[in-house]
Amino acid sequence: MADYNFKEIEKKWQDKWEEAHAFEAENGSDKEKFFGLIEFPYPSGQGLHVGHPRSYTAMDIIARKRRMQGYNVLYPIGWDAFGLPAENYAIQNNVHPAVITAKNIANFTRQLKMLGFSFDWSREVNTTDPSYYKWTQWIFLQLFKKGLAYKQEMPINWCTSCNVGLANEEVVNGVCERCGGEVIQKRQSQWMLKITEYAQRLIDDLDDIDFLEKIKTQQRNWIGRSEGAEVKFTLTTGDEMVVYTTRCDTLFGATYTVISPEHPLIEKLADKLTNYEEVKEYQKAASKKSEFERTELAKEKTGVKLLGVNAINPVTGKEIPIFVSDYVLVTYGTGAIMAVPAHDTRDWEFAKKFDLPIIEVVSGGKDVNEEAYTDVASGTMVNSGFLTGMAVKDAIPAMIDYLEKEGLGTRKVNYKLRDWVFSRQRYWGEPIPIIHCPKCGQVPVPEDELPLVLPDMEEFKPGENGESPLANATDWINTTCPCCGAPAKRETDTMPQWAGSSWYFLRYADAHNDNALASKEALDYWTPVDWYNGGMEHTTLHLLYSRFWHKFLFDIGVVPTKEPYQKRTSHGMILGENGEKMSKSRGNVVNPDDVVNEVGADTFRTYEMFLGAFDQSTPWSQQGLKGCYKFIEKVWNLQNIMTDEDGYSPELEKAMHKTIKKVGDDFERMKFNTAIASMMSFLNDVSKKGSITKGEYKTFITLLNPVAPHVTEELWQMLGGEGLLSLAPWPAYDEEKTVDDEIEIVVQINGKIRDKMSVAADLDRAGLEAVAMESARIRELTEGKTIVKIIAVPGKLVNIVVK
RNA sequence: GCGGAUGUGGCGGAAUUGGCAGACGCGCUAGACUUAGGAUCUAGUGAUUUUAUCGUGGGGGUUCAAGUCCCUUCAUCCGCACCA
């Protein structure tokens, strides 16, 4: 027998699969489909991280198993290739981002192929390919036409040292990631997408899909729906101010109001305020604060009272002061609140600092002069006019009814979710296909002129004043208006990296279509994605964005389903050997190339699936890797003890059926570690017996194939298996043969194990009791004692309670 | 502060419903084979004062029976951060 030569074997089968087009999905098939998806990678210069193959191997196992089960499987791959690292590299080294991107993709391709993933490479997509981003731009135009894309002035992060706009990810601890310079907020005109329009549907439709509960929770919290009321306050000047509250039941306890520094009311009241200058000063100071300072200083509340004007509490009729303070956000609700210090912690702190009255309107907590009582679930209304005596939960709707009847307020739902800032002042992204015409305004690039290709440039540095580098592409910018033909200028902002990834899975259905992002037939057949595995870090970004885009595409009739992904699961991180996150600076990075070179792809894959619970973070271990190598080698060496029978031996038959069941079930639940453990166990049984039949061997390598596809394919051929193992049928098991005839049961006395005995598996309660009482040991131990009770659980144990 | 997790041997981790805690792997110990061992095989391996007792972060509870259920508390990690 030859030694296990993984280098030869792995290359051989990768070539064979490619020649046979073994993993290409079929369009127009009658078979049942399975669409498995992993997050397509950003092809970074560092190459593949060991974290990538964790997710890819997991879905590869599912995809390979489905294929063996007879499904028409689509397991595609592509490149999310726009993005900052390539652009920064380009700026520093004067290489076009497209050049470095192509190089990185070539390297990633080599690495992924080396790992034997059953991707359908014929459908490879690349977000930077004009034939791809043509459709990203097309979707943007549809959003624009429906009024869901609009341009607005927005504060952006601005590095005062580099003089450049930064993405949130580039701001670390309030300073510029690259130069350490101070970052402030600067107002700039930005493209926005109205994701808020879909807020409710993004919450509601979670009920119909199979996402991990923690993912749903995180999305719901992020969207942040709250039900409350908008309440009108009349001012002593006759003006009106609307506040948003979720606790209108506490209105009788509102002793002041607060507006945000950016609130328009300040300008409106300018000539009536006796301390306008002071208010302006506060406003200015607040605007200067960076995001960092605002959160850092969050503990200490500041504010200025408006002098010369008061608000009137609509239910008590009392005059109460108005403050301006930056603890109220202009972006949420109406940018104005009613403050109830007795029942809101923030208001309470503010009231203490400014010595404002605290009126208890809900009883049941501690002294409201000591701390705010915020419990809504219990508590009774006091000092609250017609609400007095009611429970809080009844008082809320009662007050809303009252406000609506009296015309003092209305029911209102608010969301924390904000519209999506869609502009980037960067080169390496999809150009936004809009033309600015002095006469016609924002005019979409005609669809038949798509793709609007990125101009070739030599300098990628951002322009003056935070403009996109495209501002320097004079030939490209200057164009004519598609509407009136007058000279006009192109939009110079590009799209964020999230654009191309918001719809890429659709392109896989029909990757080479020139007339549509994918044909209707292909989308009808393949969508939705059946199973999508990815990282938790994308839950409120990519995963939410793509759900939004998909719903929009559903609304305009482009896709047949309202949700893009039927099932979403998530993997844990692989940490460095020291238990810390892998990073270059910590020097604990494991390179997949080295691992494969040392032990081969099959061992690498097996180890990545065996090292711990799939959904949990686990440290890498070089020793553990070796253990998996030994396992694969043992599988190879089974040839030495193989007998020629095709069936299963009587000794191993039960173990075989149990293993088939366990492995199949565990794969489905993504319990890959225990699936592999059960295969190892089976191998231990074989070792004990000293031989394995050809039939057992074949079944065993079929179970192992999704995990370690190369070595099992080689063994399959050696054992005379027909065709490719990767396309052979998944083994069946006989339920009856997965249960033992005889089992060991435990006999306890007062919950302590005192004896074990072998009985028929189906022995009933009475039988169990009788057998237990026959035991010499049990008799000895119970002698002279009173038996209070005997609990017998068939298949499990007998517990005798004595006194 | 809010939300989400996690806590089990020397280590990574098992334990579908409350029913033998520690599967499987690593490491370690002893033995075999060997010129050699970071190879292979065999046996052992939670702790202890070993007829037994104690053991799943700590404390309390429910139960014949708790890693699992309830209450409480501590620690670590991740996400969000004044959302009225």
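Chain letters run A, B, ... following the sequence lines, proteins first, then strands; residues in each count from 1. Because the structure is predicted, anything quoted here is derived from the model rather than measured.
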Between A84(B) and Tyr332(A), is there an OP1 or OP2 to side-chain N/O distance shorter than 4.0 Å?
yes

So does Asn684(A) get a side-chain nitrogen or oxygen closer than 4.0 Å to the phosphate oxygens (OP1/OP2) of G25(B)?
yes

Name the pairing partner of [N], where a pair is Watson-Crick or G-U wobble with both distances under 3.5 Å, or state none.
| N | answer |
| --- | --- |
| U17(B) | none |
| C69(B) | G61(B) |
| U45(B) | G27(B) |
| A81(B) | none |
| A5(B) | U76(B) |
| A32(B) | U40(B) |
| U50(B) | none |

When the ring planes of Phe350(A) and Tyr327(A) are compared, do they come out parallel, tilted or perpendicular, using 30° and 60° as the limits?
tilted

According to the interplanar angle, ranging from 0 to 90°, do the rings of Tyr4(A) and Tyr629(A) count as parallel (below 30°), tilted (30 to 60°) or perpendicular (above 60°)?
tilted

Do any pairs count as a salt bridge (charged side-chain N to carboxylate O under 4.0 Å, His left out) and have a residue in residues 746-756 of chain A, sequence neighbours left out, and if so which ones?
none

Please tell me whether [X] and [Y] have a donor and an acceptor in their side chains that are separated by less than 3.5 angstrom.
| X | Y | value |
| --- | --- | --- |
| Thr659(A) | Tyr733(A) | no |
| His571(A) | Asn533(A) | yes |
| Tyr244(A) | Ser226(A) | yes |

[X] [atom1] to [N] [atom2]: how many Å, rounded?
| X | N | atom1 | atom2 | value |
| --- | --- | --- | --- | --- |
| Asp344(A) | C2(B) | CG | C1' | 14 Å |
| Tyr415(A) | A84(B) | OH | P | 13 Å |
| Leu543(A) | G79(B) | CG | C1' | 15 Å |
| Trp620(A) | C26(B) | CH2 | P | 16 Å |
| Lys634(A) | A39(B) | NZ | P | 13 Å |
| His343(A) | A84(B) | NE2 | C1' | 15 Å |
| Ile215(A) | G79(B) | CD1 | C1' | 13 Å |
| Lys626(A) | C26(B) | NZ | P | 11 Å |

Students often get this wrong, so: under 4.0 angstrom with heavy atoms, is [X] touching a base, only sugar-phosphate, or nothing?
| X | value |
| --- | --- |
| Ile753(A) | sugar-phosphate |
| Thr539(A) | nothing |
| Gly627(A) | sugar-phosphate |
| Lys630(A) | sugar-phosphate |

At a cut-off of 3.5 Å, list every protein nitrogen or oxygen paired with a nitrogen or oxygen from nucleotides 50-53 of chain B, distance to 0.1 Å.
from, atom 1, to, atom 2, distance (Å)
U53(B), OP1, Arg754(A), NH2, 3.2

With rounding to whole Å, what would you report as the distance between [N] and [M] at their [atom1] atoms?
| N | M | atom1 | value |
| --- | --- | --- | --- |
| G1(B) | U73(B) | P | 13 Å |
| G67(B) | G22(B) | P | 12 Å |
| C54(B) | U50(B) | P | 15 Å |
| A15(B) | U6(B) | P | 13 Å |
| G4(B) | U17(B) | C1' | 26 Å |
| G31(B) | U49(B) | C1' | 29 Å |
| G9(B) | U16(B) | C1' | 24 Å |
| U35(B) | C24(B) | P | 34 Å |

Under 4.0 Å between a Lys/Arg side-chain N and an Asp/Glu carboxylate O for Lys301(A) and Glu349(A)?
yes

Under the side-chain hydrogen bond (donor to acceptor under 3.5 Å, both in side chains) test, residues paired with His538(A) that sit two or more places apart
Glu39(A)

Return the set of residues passing side-chain hydrogen bond (donor to acceptor under 3.5 Å, both in side chains) with Arg411(A) (not counting sequence neighbours), or none when no residue passes.
Asp401(A)

I'd like to know whether the aromatic ring centres of Phe672(A) and Phe610(A) sit less than 6.0 Å apart in this structure.
no

Is Lys416(A) side chain donor-acceptor paired with the C80(B) base, going by distance under 3.5 Å alone?
no

Given the 90°-from-0 boundary between syn and anti, G9(B) should be labelled syn

Quick check: are there more than 12 heavy atoms from other residues, nucleotides or ligands sitting under 6.0 Å from NZ of Lys352(A)?
yes

Would one find more than 12 heavy atoms of other residues, nucleotides or ligands at under 6.0 Å from atom NZ of Lys581(A)?
no

Please list each protein N or O that sits under 3.5 Å from an N or O in nucleotides 60-67 of chain B, with the distance.
from, atom 1, to, atom 2, distance (Å)
C64(B), OP1, Lys789(A), NZ, 3.3
C64(B), O2', Asn799(A), ND2, 3.1
C64(B), O2, Asn799(A), ND2, 2.7

Both Arg225(A) and Ser681(A) contact RNA chain B. Taking the nearest nucleotide for each, which residue is further toward the 5' end?
Ser681(A)

If you round to the nearest 0.5 Å, how far is [atom2] of [Y] from [atom1] of [X]?
| X | Y | atom1 | atom2 | value |
| --- | --- | --- | --- | --- |
| Arg669(A) | Thr569(A) | CZ | OG1 | 14.0 Å |
| Arg220(A) | Glu213(A) | CZ | CD | 6.0 Å |
| Asn221(A) | Lys214(A) | CG | NZ | 14.0 Å |

Given protein heavy atoms under 4.0 Å, the one-letter contact record of nucleotides 3-18 of chain B, with B base, S sugar-phosphate only and - none, is simply SS-S-----BSS-B--

Side chain of Tyr244(A) only, please: which of A84(B), C20(B), C24(B) is the nearest?
A84(B)

